[in-house]
**Student:** 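Mind having a look at this structure? Questions to follow.
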Amino acid sequence: CTMIWKILPKKSEDLAEQLLKNRGVKTDQEKEQFFNPKIADFTKELNISGIEKTSKRIQAAIEKNEQIIIYGDFDVDGICASAILYKALTSLGAKVLPYIPHREKEGYGLSKLGLNFARDSGATVVITVDNGIVAIEQAKFAKDLGLDLIITDHHLPLKQKPDAFAIVHSIKMCGAAVAWCLIKNMISKNLAEELLQFVAIATVCDLLPL
């Protein structure tokens, strides 16, 4: 294939200034937000539907000592998202196991093999990270197995959404960020801030806008 380079017009002799212009960062306020971002600056973006319902289900699972499976993905975003939920949920006393699908045997996303593993592990709740928003058939299979499926994802959805217990979805951030938004208000402030390092790694590796 042929690579086509798009050269943006030179607007400044200062390299940093030019790079900011390339990214559409122009005003002093935008520059301040870019270099010194604060969570408070993004409250609207971080307010994702489905979090309240999911939080209540997680809390109930913790109180009843139910087995929770975090169903991840094998790329950096999926691994970081799995780590976020695993560290967060264990800090709350949850009984939780991570599950990363085999790249060759299962491929991307929810599989019947993985869902059977969850059932056989005695799980009652499966939380996907970085996958699941297009898993229509797999969601039905999970329901048939008696699993409460919670989908957290950032990929583009289909017109039809999976029939899951709850869906926490946003295309404005990486999968790890969606997972962090889900859990940040349930854990200590110190741990929430610590887990942001995984969100940062996933954002860069998944080529999401900073």
Side-chain angles (χ1 to χ4, degrees), residues 45-74 77-101 106-187 192 195 199:
E45 289 86 349
L46 302 183
N47 185 23
I48 307 171
S49 64
I51 289 179
E52 185 177 356
K53 183 178 182 181
T54 299
S55 299
K56 289 180 179 178
R57 182 64 184 93
I58 290 173
Q59 193 58 49
I62 293 171
E63 291 172 0
K64 296 176 183 177
N65 199 35
E66 296 178 63
Q67 179 70 64
I68 301 172
I69 297 291
I70 301 167
Y71 199 111
D73 189 24
F74 39 67
D77 191 17
I79 296 294
C80 286
S82 299
I84 287 169
L85 279 195
Y86 182 79
K87 288 178 72 70
L89 291 175
T90 52
S91 78
L92 296 171
K95 184 180 177 183
V96 57
L97 283 173
Y99 181 86
I100 305 299
E106 296 175 74
Y108 167 77
L110 278 170
S111 70
K112 290 186 176 180
L113 183 65
L115 290 169
N116 277 326
F117 168 84
R119 188 268 317 275
D120 294 342
S121 299
T124 50
V125 179
V126 174
I127 306 175
T128 74
V129 289
D130 193 31
N131 73 90
I133 196 62
V134 297
I136 308 298
E137 292 183 13
Q138 295 90 331
K140 183 180 182 302
F141 185 71
K143 203 167 193 176
D144 291 341
L145 292 178
L147 299 169
D148 280 348
L149 177 65
I150 295 167
I151 293 171
T152 78
D153 199 358
H154 74 117
H155 293 96
L156 291 174
L158 303 172
K159 289 183 179 180
Q160 179 187 357
K161 290 186 178 180
D163 183 15
F165 177 85
I167 296 176
V168 181
H169 176 259
S170 172
I171 60 172
K172 297 179 179 179
M173 60 191 81
C174 65
V178 175
W180 184 83
C181 288
L182 165 62
I183 208 70
K184 65 183 176 69
N185 290 329
M186 295 184 68
I187 57 179
L195 295 177
V199 176

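These figures come from a predicted structure and were not determined experimentally. The chain is numbered in sequence order, starting from 1.
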**Student:** Below 4.5 Å, heavy atoms only, C-beta onward: do Ile58 and Leu89 meet side chain to side chain?
**Tutor:** yes
**Student:** Using only atom types and a distance under 3.5 Å, with no angle test, would you say the side chain of Tyr99 pairs donor to acceptor with the backbone of Val126?
**Tutor:** no
**Student:** Of the non-hydrogen atoms in Ala135 and Leu110, which two are nearest, and what is the gap between them?
**Tutor:** CB-CD1, 3.8 Å
**Student:** Under 3.5 Å, side chain of Asp148 to main-chain N/O of Phe165, donor-acceptor pair present?
**Tutor:** no
**Student:** Side chains of Phe141 and Leu147: does their closest heavy-atom pair fall under 4.5 Å?
**Tutor:** no
**Student:** Quick one: does any side-chain atom of Ser121 pair with a main-chain N or O of Ala123 as donor and acceptor, under 3.5 Å?
**Tutor:** no
**Student:** Kindly determine whether Ser91 and Tyr86 satisfy side-chain hydrogen bond (donor to acceptor under 3.5 Å, both in side chains), including the steps that lead there.
**Tutor:** CA-CA 8 Å; Ser91 78; Tyr86 182 79; over 6 Å; no
**Student:** Say whether, by atom type as modelled, one donor and one acceptor occur between the side chain of His154 and the main chain of Ala177 under 3.5 angstrom.
**Tutor:** no
**Student:** Quick check: does any side chain N or O of Asp153 sit under 3.5 Å from a backbone N or O of His169, one acting as donor and the other as acceptor?
**Tutor:** no
**Student:** Main chain of Glu45, side chain of Asn47: is a donor-acceptor contact present, judged purely on distance under 3.5 Å?
**Tutor:** no
**Student:** Would a distance-only check, ignoring hydrogens and angles, find a side-chain to backbone donor-acceptor pair under 3.5 Å from Trp180 to Ile84?
**Tutor:** no
**Student:** Return yes if some donor-acceptor pair links the side-chain N/O of Asp130 with the main-chain N/O of Gly72 below 3.5 Å, else return no.
**Tutor:** no
**Student:** Report yes if some heavy atom in the side chain of Val129 is under 4.5 Å from a heavy atom in the side chain of Asp73; otherwise report no.
**Tutor:** no
**Student:** May I ask you to decide if Thr124's main-chain N or O and Glu66's side chain share a donor-acceptor pair within less than 3.5 Å?
**Tutor:** no
**Student:** Pick from Leu85, Thr54, Ile51: which one makes a side chain to side chain contact (heavy atoms under 4.5 Å, CB included) with Ile183?
**Tutor:** Leu85
**Student:** Hey, does the side chain of Thr152 reach the backbone of Val168 with a donor-acceptor pair shorter than 3.5 angstrom?
**Tutor:** no
**Student:** Please give me the minimum heavy-atom distance between Cys181 and Ile48, naming the atom from each residue.
**Tutor:** CB-CD1, 4.0 Å
